[in-house]
Amino acid sequence: MTSLQRLMTTMGHQEPDRVPFVISVTMQGARELGLSIEEYYSKAEHIVEGQWRMFAKYRHDALNPTFYGALEMEAWGSPTLFRTDGPPNAGPPLVNHLDEIMKLVPPKVEESPRLQEALKAIRLMKARAGDAIPLLGVVISPFSAPIMQLGFDLYLQLLCERPELFARLMAVNEEFCVAWANAQLAAGATAIAYADPASSTTIVTREMYLKTGWQVAKRTIARIHGGVATHFASGNCLPILGDVAQTGTVAVGVSALEDLAAIKVACRGKLAVMGNLNAIAMRHWTPVQAVAEVKAALAKAGPGGGYVLSDNHGEIPWQVPDEILLVIADAVHTWGRYPLDWIQQEGAA
Amino acid sequence: MAGHQNLVEQFEQSLLAVDPLEAERLLTAASHAVLPMQLIDEVVAPALERIGDKWERGEVALSQVYMSGRICESLVDKLLPPGSPARSHRPKLAIVVLEDFHFLGKNLVKSALRASGFDPMDWGHATVDELVNRVRAEGVEVLLISTLMLPSALKIKELRAQLSAAGLPVKLVVGGAPFRFDPQLWREVGADACGQNALEAIEIVRGLLKSAENGRAQP
């Protein structure tokens, strides 16, 4: 099977030849090319070459043309802060007073040089990869983007105290999110990851989610012209999985702090599950522990398909040793082949 | 105030409903009979603790935790104005975000500390070098550090080394997402304690205060 066939089979809740494996190596491309993280992200060609080399090295099942989360904020006019040992961060919030929301205008994708650079990376990668390897685009959900636009404090005040401004902000953000997602799909992305940590039950209750992030997700995903996978970026989601399945998303990225087996049960037949290796703790895993973590995840979520082995956050920290990523890759290639008979055999032993 | 469970529950409900007027009415009515510090210890702090527990169980939203802290901070400022001798000025506390712009965790803990009668200095965000200089200049005894990103959390190791080299005996209390996902991390970076949430941070500060008092009481 090609990587695309493997992923499509599991998204259809069938067992492919092997559990698909999507390791979120993003900034690690800089290391591959001997560049600083800031230099790496300065050119589409760097991303393409970096991702291509890592695809050969880790033998995973998707290319990740994503730059970094703060890229979208650059389109809104906010600077990005680069560092030498981690992902670029959004600078100070764009909006400092809630009333400024009324003046916000969604940026045009075609007028943002940085978004255009990211689209160039997708086009170049697509030309190189063809149709056999999926390319995962990414958007920050309209409901989660305000964490960067306003800062978390001001956003929580908005949610609690200013419903009319919240509605206005969502309208603006939805326009941008849909345009940005569809531009990525038009450039060659196979599917879109909808990063929505603010909708997780770590941040809002189910009751609040149903009134806010859920409505936003339903409206937004319906206007995206391709497959969408929702990622809660380490946030919890078990209590809302039934609701998430109704947003039009086909898969969900879940936290290491939730029970993967319980999540798989809640998602069975409705949503494919992606996760949930602990990318923070991974930094000091031993090779033996890495294999054990992979096997535990496969045993909990692999049987029956509908599962993609991945990390819990959508980003592997810079500090995770290469050796461990290679052990994880070997482990999924060794233990992830269907049928997963070893689970019962080891359980019986 | 013993047995005023009903008041705690009503106060908690007013906080969860983000109703500052009702919260103030309840507290003002009770304040005629008791000292402000007793009101804080027996009504405000228990209500915040219950809300923190509910957040850990996924029963309330982080927005409710945050707004509850802000309401309580404001009410306690009225009961015990900043600088009031009744506030706890020991240990000398400061709270800060190391390196990045993710302030929510810091502000949650700051509100909870202030609502519990402590008076922390808010240093916003700072680099390692800036923190060493400020700890030295202000004579801070406990520094609470919030981080969201793993690289920022790892910088605490460098901070600890510089503080030790400078002979500054400040206690470091850390918190934030990386510490929730990696329970070994706080020891690795040389922190003295780690709070998984705002209420834990307060318990840690109280514990440090008690240890310091016991230390001073020893001959």
Side-chain angles (χ1 to χ4, degrees), chain A residues 27 37 70 78 81 83-93 147-148 151-161 197-198 200-209 212 233-240 255-258 278-285 312-313 315-320, chain B residues 15-20 51 54-71 97-108 110-111 124-125 127 146-155 157-158 176-189 196-197:
Chain A
M27 64 201 128
I37 291 170
S78 181
L81 306 176
R83 56 185 307 151
T84 57
D85 58 357
N89 253 287
I147 296 171
M148 289 192 278
F152 224 142
D153 298 49
L154 199 58
Y155 186 32
L156 294 181
Q157 287 177 46
L158 174 77
L159 274 171
C160 292
E161 295 174 346
S200 75
T201 51
T202 308
I203 309 297
V204 295
T205 57
R206 176 173 180 261
E207 184 188 13
M208 191 180 280
Y209 170 62
T212 56
S234 300
N236 292 346
C237 62
L238 186 54
I240 56 169
S255 172
L257 299 183
E258 286 190 308
N278 187 331
I280 298 291
M282 197 182 281
R283 192 171 51 88
H284 49 66
W285 282 357
N312 68 314
H313 191 73
E315 184 173 79
I316 301 289
W318 182 252
Q319 291 77 9
V320 173
Chain B
L15 296 176
L16 290 176
V18 194
D19 186 346
I51 290 169
K54 285 183 175 176
W55 178 65
E56 288 288 346
R57 294 199 300 271
E59 294 170 11
V60 302
L62 191 62
S63 55
Q64 290 168 298
V65 179
Y66 173 73
M67 294 306 288
S68 299
R70 279 177 55 101
I71 293 169
V97 171
L98 186 58
E99 292 206 328
D100 59 41
F101 284 91
H102 301 284
F103 291 107
L104 181 70
K106 172 189 72 83
N107 291 342
L108 279 165
K110 185 184 79 171
S111 291
H125 73 108
T127 62
S146 173
T147 64
L148 184 71
M149 312 296 290
L150 176 64
S152 306
L154 291 169
K155 279 277 179 187
K157 201 171 191 173
E158 190 181 322
F179 300 101
R180 289 178 75 87
F181 282 88
D182 182 356
Q184 304 171 35
L185 184 58
W186 69 275
R187 290 183 197 278
E188 179 189 336
V189 299
Q196 293 289 330
N197 54 48

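So that the names make sense, note that chain A is the first sequence line, chain B the second, and so on, each numbered from 1. A quick note: this is a predicted structure, and the numbers were derived from the prediction, not measured.
- A:Arg83 touches chain B through its side chain: at least one heavy atom from C-beta onward sits under 4.5 Å away, while N, CA, C and O do not.
- Residue A:Ser255 touches chain B through its side chain alone, counting heavy-atom pairs closer than 4.5 Å.
- Per-residue counts of heavy-atom pairs under 4.5 Å with chain B were compared for A:Gln319, A:Arg283, A:Met148; the largest is that of A:Arg283.
- For B:Lys155, the part lying under 4.5 angstrom from a heavy atom of chain A is the side chain only.
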Report task. Begin with the C-alpha distance, continue with both residues' side-chain angles, and end with the deciding distance and a verdict on side-chain contact (heavy atoms from CB on, under 4.5 Å) for B:Leu104 and A:Ile147. Result -> CA-CA 10 Å; B:Leu104 181 70; A:Ile147 296 171; over 6 Å; no
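- Both the backbone and the side chain of A:Asp153 come within less than 4.5 Å of a heavy atom of chain B.
- Proximity to chain B involves both the backbone and the side chain of A:Pro92, based on heavy atoms less than 4.5 angstrom apart.
- A:His313 does not touch chain B: none of its heavy atoms, backbone or side chain, sits under 4.5 Å away.
- In this structure, the portion of A:Asn312 lying under 4.5 Å from any heavy atom of chain B is its side chain and not its backbone.
- The part of A:Leu81 that comes within reach of chain B is its side chain, from C-beta onward, which places non-hydrogen atoms under 4.5 angstrom from that chain.
- Contacts of B:Tyr66 with chain A are made by side-chain atoms alone, with heavy-atom separations under 4.5 Å and no backbone atom involved.
- Only the side chain of B:His102 comes within contact range of chain A, with at least one heavy atom under 4.5 Å from a heavy atom of that chain.
- Both the backbone and the side chain of A:Gln157 come within contact range of chain B, judged by heavy atoms closer than 4.5 Å.
- Heavy atoms of B:Glu59 lying under 4.5 Å from chain A belong exclusively to its backbone.
- The CG atom of B:Leu62 sits 10.5 Å away from the CG atom of A:Leu159 when rounded to the nearest 0.5 Å.
- The parts of A:Asp85 that come within reach of chain B are both its backbone and its side chain, each placing non-hydrogen atoms under 4.5 angstrom from that chain.
- Using a 4.5 Å cut-off between heavy atoms, B:Leu108 does not touch chain A at all.
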